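A note on names: the letters A, B, ... follow the listed sequences, proteins ahead of strands, and every chain is numbered from 1. Worth saying up front: this structure is predicted, and the values here are computed from it rather than measured.
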Amino acid sequence: MFVKGELVELSGADILVHSLKDEGVEYLFGYPGGSVLHIYDALYQQDDVKHILVRHEQAATHAADGYARSTGKPGVVLVTSGPGATNAVTGIATAYMDSIPMVVITGQVPSAVIGSDAFQEVDAVGITRPCVKHNFLVKDVTKLAETIKKAFYVATTGRPGPVVIDVPKDITDPNIKVPYHYPDKITMRSYQPTVKGHSGQIKRAVELLLTAKKPMIYSGGGVVLGNASEELRTFVRHLGYPITQTLMGLGAYPASDELNIGMLGMHGTYEANMAMHDCDVLIAIGARFDDRVTGKIAEFCPDAQIIHIDIDPSSISKTITVDIPIVGDVAGVLQEMNHILTTGKKQTQKKAIETWWKVINGWRAKECLSYDKSSDVIKPQAAIEIVHEITNGDAYVTSDVGQHQMWAAQYYGFEKPNRWINSGGLGTMGFGLPAAMGVQLAYPDETVVCVTGEGSIQMCIQELSTCLQYGLPIKIIALNNRYLGMVRQWQEFFYKERYSSSYMESLPDFVKLAESYGHVGIRIEDPADLRSGLEKAFSLKDRLVFVDIVTDRTENVYPMIAAGMAHNEMHMSPHAKLPQDPERELS
Amino acid sequence: MRHIISILIENEAGALSRVVGLFSARAYNIESLTVAPTEDASLSRITIVAVGTDRIIEQIIKQLNKLIDVVKLLDLSDGPHIEREMVLVKVKASTMAQREDIKRLADIFRGHVIDVTTASYTIELTGSGRKVDSFIEALAEHKILETVRSGVSGIARGDKVLRV
């Protein structure tokens, strides 16, 4: 339309679209409505920013979120005022809890009628305030471009997060034109995130690490978000210490590596949780001591001195008091630590570390993730393992929330960062399918798998229509146990098997449902057909395939630490190898 | 512990609600909160009196700092500081004995009677939050009709300043 740098006058709607283009936005996930009609008209007249029409605004935010998690670039959303904004809130909160960079533009009623309970009016800034990193209400069209720049800057720097820009309809009036200039850079006096870790603290931390006899490395989503996977690998291999990851951190360190002892926390491995409990020095890297990770705070790593690297000062000593806090960008801090480790003379406590590994390998020998492989019903774990084999462990895997999510985390074995995409903090059912759309758009030639359950998938099932419209060949792996499995599991363990509203009655025929949306549906009921059925699904490269896998109804996720219990108090699978230590068991 | 936290915040619509929302969302206790623009019209100054353990106060300060609109923040309780609060009290004062006693109490606390009717006195008093508490306690024998406290304002002693 015009050459960059040339002075032009544009309407607010054009400014908005051009700002997105100048920001490098590839996809805009959205849904039109009254307050954003001017913007949609501007979108119609250009080809640079591609709009993806979802079927529900929640899906727009999840799709943008999946795009962001898989690419590291901010996801961008456009929704209308009122219900458009409120429908987006779940996705905004999901992104907020997992620190995902996202910019959400919400239409608003015209400035003159704000506060008059106008049609489709809602206080979007007020409603989203507790679940955004920041939000803006645009009051002056001449500030629109600058506000968009600020929103991207805030969303993507420091600890990332979603930012909402609420745009009243009159701001985008096509008849009011003002000079357009999209700033290359922006500074804000009130926002200057700390990025470089304190060198003195880093040195102290390395010294402490080298004195450790029973060290543990605990890494989280911050390593994925901070693009620090390479630095982490160098760090861990140099030290030769055991590493465990949070649900959000999977893939930052290869699952198949000998030093990796798996996920920790509520459904973490036996060896990871036991090692956490017994360690003497713990280094937390881009992790926030979530309650699903720590279990009982009073008994968390009782004998450990703790080092914590995090970009957000408020994460430090929030729930667990730490000995050496380091506020800074994880990649930078790890680089500095790696430099000290490779150039310094001091060595690790080799002998003690060898003994520590013997203890850990003893715990490993329990094979806590064992399950019944001779069952005549399909075990959900087996389904995930076969998906892993067929995709060479190299697919992008999104998930919904519940048992299937934990099985995907436990059995898929992620080798690379940004491949495991799930709602960890908020635990949002309905996340998986729309998130997979964002991933598949970002990587049209890669295999994208959505692991889900028959409960979760129905929370955003309408997106099958979006997938057809944009030709997204996602593979939906639905572990269908006719129960809200995680709820059922808790009711079995803690509510004397009173299965209150945790079953799924009147399920649709998912095969026919997929077909009616124009996709392929496959149902697998017999363990003997599991591999061939999945192979067939993955061989249909260009089609979305909904694989409805009828699994064991009552399989549980093991190991499990009940809420509020300590790391060494785990429910173990009846199939774990060694006889169980009665002291370690729950009644 | 009771802490007085001074905040310089962008003078933008909704900025105050971010601060207040933070306290309610994270279940922190506010004892008082005052806000007004500063000599620089682009900034407002908020004074919050918060009560909590050291861990909670540390979190409050970190979370406040994390708000994008917060430009600068100072925990006045970390150093020597001056704290002032104003109170307006309307007291029943219809008999001579009541009127004399209330006037005497106001004088002792260096307050002023700023409005008089045949049935009541209104007193203005400035001091630390504690002094205001004591004054209200001292009026216990009288019938207080209404009290209005401004909430605490504070400033660091000496050359230390909170500014951009």
Interface moiety of A/I316 toward chain B, non-hydrogen atoms closer than 4.5 Å =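 Both parts, backbone and side chain.
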
Under the ring pair (Phe, Tyr, Trp, His ring centres under 6.0 Å) test, which residues partner A/F300, sequence neighbours left out?
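Testing A/F300 for ring pair (Phe, Tyr, Trp, His ring centres under 6.0 Å), a comparison that skips the adjacent residues, returns A/F289, A/H567.
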
- CD1 of B/I155: more than 12 outside heavy atoms within 6.0 angstrom?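 No, not enclosed.
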
Quick one: donor-acceptor pairs under 3.5 angstrom, chain A versus chain B?
| unit_1 | atom_1 | unit_2 | atom_2 | d |
| --- | --- | --- | --- | --- |
| A/R129 | NE | B/S17 | OG | 3.2 |
| A/R129 | NH2 | B/S17 | OG | 2.9 |
| A/N135 | O | B/R18 | NH2 | 2.9 |
| A/N135 | OD1 | B/R18 | NH1 | 2.8 |
| A/N135 | OD1 | B/R18 | NH2 | 3.0 |
| A/R189 | NE | B/E10 | OE2 | 2.8 |
| A/R189 | NH2 | B/E10 | OE1 | 2.8 |
| A/R189 | NH2 | B/S42 | OG | 2.9 |
| A/S190 | OG | B/I68 | O | 2.6 |
| A/D312 | OD2 | B/K66 | NZ | 2.7 |
| A/P313 | O | B/K62 | NZ | 3.1 |
| A/S314 | O | B/Q59 | NE2 | 2.8 |
| A/S314 | OG | B/K66 | NZ | 3.3 |
| A/I316 | O | B/K62 | NZ | 2.7 |
| A/S317 | O | B/R55 | NH1 | 3.2 |
| A/K318 | O | B/R55 | NH1 | 3.2 |
| A/T321 | OG1 | B/R55 | NH2 | 2.4 |

Q.
Quick check for you: among B/V164, B/L43, B/I9, B/L8, which has the greatest number of heavy-atom pairs under 4.5 Å with chain A?
A.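 Of the candidates given, the most pairs with chain A belong to B/L43.
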
